[in-house]
2 protein chains.
Amino acid sequence: MTPTIKDVAAHAGFSIATVSRAINAPHTVNPVTLEKVRQSIDALNFRPSPLGRQLRGERTRLIGVILPTIANPVFAECLQGIDELAAAHGYRLMLMTTQYDAERERHAIETLREQRVEGLILTVADADTHPLLDDLDRAGLLYVLMHNDTVRRPSVSVDNRLAAHDGVRMLIAHGHRRILMLAGTLAASDRARLRHLGYAQAMQQAGLTPAPALEIDFNADELAPSVLAHLTNGPNRPTALFCSNDLLAMVVMRGLRRARLQIPTDMSILGFDGLAMGELLQPPLASICAPNREIGCAAWKRLMARIDGTYTDASLALTLPHALREGATIAAISNTSEAPRIRSMQPLV
Amino acid sequence: MTPTIKDVAAHAGFSIATVSRAINAPHTVNPVTLEKVRQSIDALNFRPSPLGRQLRGERTRLIGVILPTIANPVFAECLQGIDELAAAHGYRLMLMTTQYDAERERHAIETLREQRVEGLILTVADADTHPLLDDLDRAGLLYVLMHNDTVRRPSVSVDNRLAAHDGVRMLIAHGHRRILMLAGTLAASDRARLRHLGYAQAMQQAGLTPAPALEIDFNADELAPSVLAHLTNGPNRPTALFCSNDLLAMVVMRGLRRARLQIPTDMSILGFDGLAMGELLQPPLASICAPNREIGCAAWKRLMARIDGTYTDASLALTLPHALREGATIAAISNTSEAPRIRSMQPLV
DNA sequence: CTGAAAGCGCTAACAT
DNA sequence: ATGTTAGCGCTTTCAG
């Protein structure tokens, strides 16, 4: 059916070894022979089977990608970046999702190892304490983490702590003092932890009291009554919500609207991720933007550098810059009783 | 490094053939032997290499997925469905995106063929006239189309014409008479064509005059002045816009807002796709919903059925039901000069 | 410069 | 019930 190297050899009247050399080391073969072989290749429309090469222990040109989900555009955007570079470099991508499940993470890694991927680009729940990553190190399977914010392993991310810190500082600069952080139920990630840390530090530095992150059920149509009570409860209600990601922010915005709260008049909202989608909202969502596509691209480049052995950078973690997108979901609070005066702030960033 | 079948054989004191049988046909081997082999497998943590099997001409357990982009959640949602079933059935997914580019479509198909995928799930621009799909048929490589609305090939889709027809009828039932269809610049797909056909038929059946689809630049921040003129121009301006997909609808909504038009008061908007995201908008986007995840799942099942040879269904195309999501972006037009009376309509669907 | 042959990990006749 | 062997498509010594 599909022609093999044998067919080409027969057609050209040479051995399969010569055909192989004509393909992989053209300079080592007589130009005349080379030409004949090439013609046979064209005539038969032969393309060397990756399978043979892969089995032979050559490079598989396979890269594994493991993501929590692609339903969240954050990861879809990263994947776009990876895919673009992979296509340009003749690599094939094998994709597996974990739905944030540890057992599926394990299974994905094992499956991709079996398939002899040359490297792995992945996002895990918690990078620092992940035993499987130690296994990879031990086995010599190269990988680069994406969005995992750790200095202990090869990774590409924004500085989640600092980014959250900047964002919350900005809220404070707008006069907010009672700022609550909201997180999804799958919040046991290094990202979520660091974002909350940044929030807490920004609060403390402004002499304010940070609160634990309030967990929100992502899938519920409405906000839980207990949550709503928290958000609307009397004079101590928060004036601003820092949501640990944009999807959550959107769900919260909808929930608040259903509860007849105006955004940003009654409540300011700040998201995290910088989803393109957010700008299309009304009002456009303020967010701490991670360069998701670039994170994917950078992870690819790092992985390639590790594979090529040109990875000489001493530091494991690559931190990409974040940006504040000041959408219209944030209102300034000027002279309410809670924030009696506009304090002078040092410039942001 | 990684143990091979040889290592297991040596460890267990049997031949590699016996080990292979212990794995693939346990009943043909002596229970005692079987147990020993299994212990060796466990001891060495052996997992048979897919590569050897694949080269041997066995099933590769590889499925190729080709999508225009995963930046559009429509495709990400499909992919989620596919991925879920693939993981459950022990298949691996190889993903390639085309960015709606014919050459990249060709390249993706060729690459995946070389890799000996057992089948292909893909979305192409225009299924009917696609020569590469004929090649696949000829080569016997099994595939199922997703979102390509054609009766000529194995496919899973909604009835784009009917869905658009229903949607536009609904607009008309709400009193709209001047309804314009908007399409993205990459509109040369069978989907877009059929959606416009449905629009045109609905208009004609109501005695209204359909217009050609107006092309919108997806990426521009604002709507082009010429477009804006079209939409706001005097008494003949449209009162409702049917957007060929939800992402476009969102961009248009933002553009209209920037031009100080109120939605739905000044303009009603109907999208197509039923993105989950749309419900989070303000106002929630009315849309013709395709069951994207289910389309992915159904495509998977069809492909598996074709591979297993249990695909006895006579019809090539599987049409999944669409649904109208009547968001708040549609206003009723009752007694304006343009629509002097509410005409009685037959019930919708 | 070219060819013969070994071998990557595995399965499937064919023997025993 | 188990072992031997050939071969999937390819690359790579090693000879010539």
Side-chain angles (χ1 to χ4, degrees), chain A residues 1-38 40-41 44-62 90 92 110-118, chain B residues 1-38 40-41 44-62 90 92 110-118:
Chain A
M1 209 179 78
T2 324
T4 77
I5 197 172
K6 269 189 191 167
D7 301 321
V8 178
H11 186 275
F14 291 92
S15 72
I16 60 169
T18 299
V19 175
S20 176
R21 276 189 291 260
I23 295 167
N24 301 297
H27 54 281
T28 68
V29 28
N30 187 310
V32 185
T33 310
L34 182 59
E35 187 47 33
K36 285 185 189 165
V37 171
R38 287 202 163 137
S40 296
I41 288 178
L44 300 177
N45 191 24
F46 166 77
R47 309 287 280 133
S49 157
L51 259 34
R53 291 179 159 168
Q54 288 163 8
L55 183 56
R56 191 64 181 70
E58 299 309 298
R59 318 185 53 180
T60 58
R61 298 230 145 209
L62 243 38
R92 291 164 288 278
E110 184 180 348
T111 302
L112 295 173
R113 270 181 75 169
E114 285 170 10
Q115 197 71 46
R116 305 296 188 270
V117 296
E118 288 183 32
Chain B
M1 210 179 80
T2 325
T4 76
I5 198 172
K6 269 189 192 167
D7 301 320
V8 179
H11 186 273
F14 292 93
S15 73
I16 59 168
T18 300
V19 176
S20 177
R21 276 188 293 258
I23 297 167
N24 301 296
H27 55 279
T28 67
V29 23
N30 185 311
V32 184
T33 311
L34 181 59
E35 186 47 34
K36 285 185 188 167
V37 171
R38 288 204 162 138
S40 296
I41 288 178
L44 300 177
N45 192 25
F46 166 78
R47 310 288 279 133
S49 159
L51 259 35
R53 292 178 159 167
Q54 287 163 8
L55 183 56
R56 191 64 184 70
E58 299 309 299
R59 319 186 53 179
T60 59
R61 299 233 144 206
L62 242 38
R92 289 164 289 276
E110 185 181 347
T111 301
L112 295 173
R113 269 182 76 170
E114 285 170 9
Q115 197 72 46
R116 305 294 187 271
V117 295
E118 287 182 35

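Naming: A, B, ... by sequence-line order, numbering from 1 per chain.
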Peer 1: To the nearest Å, how far apart are A:Ile41 CD1 and D:dC10 C1'?
Peer 2: 13 Å
Peer 1: Is the closest side-chain heavy-atom distance between B:Leu112 and B:Leu62 below 4.5 Å?
Peer 2: no
Peer 1: The side chain of B:Val29 lies closest to which of these nucleotides: D:dT2, C:dT11, D:dC10?
Peer 2: D:dT2
Peer 1: Expressed in angstrom and rounded to an integer, what is the separation of A:Arg56 atom CZ from C:dA5 atom P?
Peer 2: 16 Å
Peer 1: Does a side-chain N or O of A:Arg53 approach OP1 or OP2 of D:dT11 to a distance below 4.0 Å, or not?
Peer 2: yes
Peer 1: Check salt bridge (charged side-chain N to carboxylate O under 4.0 Å, His left out) between A:Arg47 and all other residues, then give those that pass, not counting sequence neighbours.
Peer 2: B:Glu110, B:Glu114
Peer 1: With A:Pro48, which residues qualify under side chain to side chain contact (heavy atoms under 4.5 Å, CB included), at least two apart?
Peer 2: A:Phe46, A:Arg53
Peer 1: Round to the nearest Å and state the distance from B:Arg116 atom CZ to D:dG9 atom C1'.
Peer 2: 8 Å
Peer 1: Please state how far atom CZ in A:Arg59 lies from atom C1' in D:dT12, giving the value in whole angstrom units.
Peer 2: 17 Å
Peer 1: Going by distance alone, is a donor N or O of one side chain under 3.5 Å from an acceptor N or O of the other, for A:Arg116 and A:Gln54?
Peer 2: no
Peer 1: Nearest whole angstrom, please: distance from the C1' of D:dG3 to the CZ of B:Phe14.
Peer 2: 11 Å
Peer 1: Report yes if a side-chain nitrogen or oxygen of B:Lys6 is closer than 4.0 Å to either non-bridging phosphate oxygen (OP1 or OP2) of C:dG7; otherwise report no.
Peer 2: no
Peer 1: To the nearest angstrom, how far is A:Asn30 atom CG from D:dG16 atom P?
Peer 2: 22 Å
Peer 1: Expected output is a numbered-order residue list: members of residues 15-22 of chain B with a heavy atom under 4.0 Å from any atom of DNA chain C. What is it?
Peer 2: B:Ile16, B:Ala17, B:Ser20, B:Arg21
Peer 1: Using whole Å, report how far CD of B:Gln54 lies from C1' of D:dG7.
Peer 2: 17 Å
Peer 1: Between A:Leu55 and B:Pro31, who's closer to the 5' end of DNA chain D by nearest nucleotide?
Peer 2: B:Pro31
Peer 1: Base, sugar-phosphate, or nothing for B:Leu51, non-hydrogen atoms under 4.0 angstrom?
Peer 2: nothing
Peer 1: Considering all heavy atoms of both residues, which atom of B:Ala12 and which atom of B:Lys36 are nearest to each other, and what is their separation?
Peer 2: CB-O, 4.4 Å
Peer 1: Give the rounded distance in Å between these two atoms: CD1 of B:Ile5 and P of D:dC8.
Peer 2: 19 Å
Peer 1: Please check: side-chain N/O of A:Asp7 versus main-chain N/O of A:Thr4, any donor-acceptor pairing under 3.5 Å?
Peer 2: yes
Peer 1: Working note: B:Glu118 + B:Arg61, criterion salt bridge (Lys or Arg N to Asp or Glu O under 4.0 Å); need CA distance, chi angles, decisive distance, verdict.
Peer 2: CA-CA 7 Å; B:Glu118 287 182 35; B:Arg61 299 233 144 206; 5.3 Å; no
